[in-house]
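Notes follow once the structure below has been shown.
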Amino acid sequence: MLEKIPIEVIVRFTEKGEIRPLKINFGDKLYVIDKVYNKKLATPKGAFGVALEYNCLICGKRKRIYFDRYENIWYYLKKSVEEKPVPVYNPLNYDIFTD
């Protein structure tokens, strides 16, 4: 399951009206976006709707950040930890040699 984490992004608008993300303010830290590889319109898994996906180089790591034009928010997707269910005892699958 993916979790949508909102972030604060400092952007620059070009003469053509394009959005160029420059820095990410997350918590107490400011991360500089070194390079933007590409920008595309995408439907991210775990989120509803269409968003602009920016494939960026942030602190030496490739990350994807998203801009939802309808809600006017920036976010990234984080894998959430799911608890695994406790297996139910089944006498047919019970192995006496594993205990």
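Treat the numbers as computed from the prediction; the structure is a model and nothing was measured.
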Cluster link Ile19 to Val50, ILVMFWY, side chain under 4.5 Å: yes
Single-linkage hydrophobic cluster Phe67~Phe13, side-chain heavy atoms < 4.5 angstrom: yes
Note, [X] side chain near [Y] side chain (heavy atom, < 4.5 Å):
{"X": "Asp34", "Y": "Ile58", "result": "no"}
{"X": "Glu8", "Y": "Ile73", "result": "no"}
{"X": "Asp68", "Y": "Trp74", "result": "no"}
{"X": "Arg62", "Y": "Asn55", "result": "yes"}
{"X": "Leu77", "Y": "Tyr66", "result": "yes"}
{"X": "Arg20", "Y": "Leu22", "result": "yes"}
{"X": "Val9", "Y": "Asn25", "result": "no"}
{"X": "Tyr75", "Y": "Ile65", "result": "no"}

Neighbour count above 12 (heavy atom, 6.0 Å) for Lys39 NZ: yes
Crowding at OH, Tyr70 (>12 non-hydrogen neighbours, <6.0 Å): no
Hydrophobic cluster of Ile10, others only, ordered by chain and residue number, side-chain cut-off 4.5 Å: Leu30
Those residues that, when tested against Arg64, pass salt bridge (charged side-chain N to carboxylate O under 4.0 Å, His left out) (two or more places apart): Glu53
CG-NZ distance between Asn38 and Lys35, expressed to the nearest 0.5 angstrom: 10.5 Å
Rounded distance (nearest 0.5 Å) linking atom NZ of Lys63 with atom OH of Tyr31: 10.0 Å
Residue pair Ile24, Ile33: steps toward the side chain to side chain contact (heavy atoms under 4.5 Å, CB included) verdict: CA-CA 7 Å; Ile24 296 174; Ile33 298 175; 4.0 Å; yes
Aromatic ring pairing Phe26/Tyr76, orientation class (parallel under 30°, perpendicular over 60°, tilted between): perpendicular
From CA spacing to verdict: side chain to side chain contact (heavy atoms under 4.5 Å, CB included), Glu18, Val11: CA-CA 10 Å; Glu18 296 177 358; Val11 299; over 6 Å; no
Heavy-atom pair of closest approach, residues Val36 and Tyr54: CG1-CD2, 4.0 Å
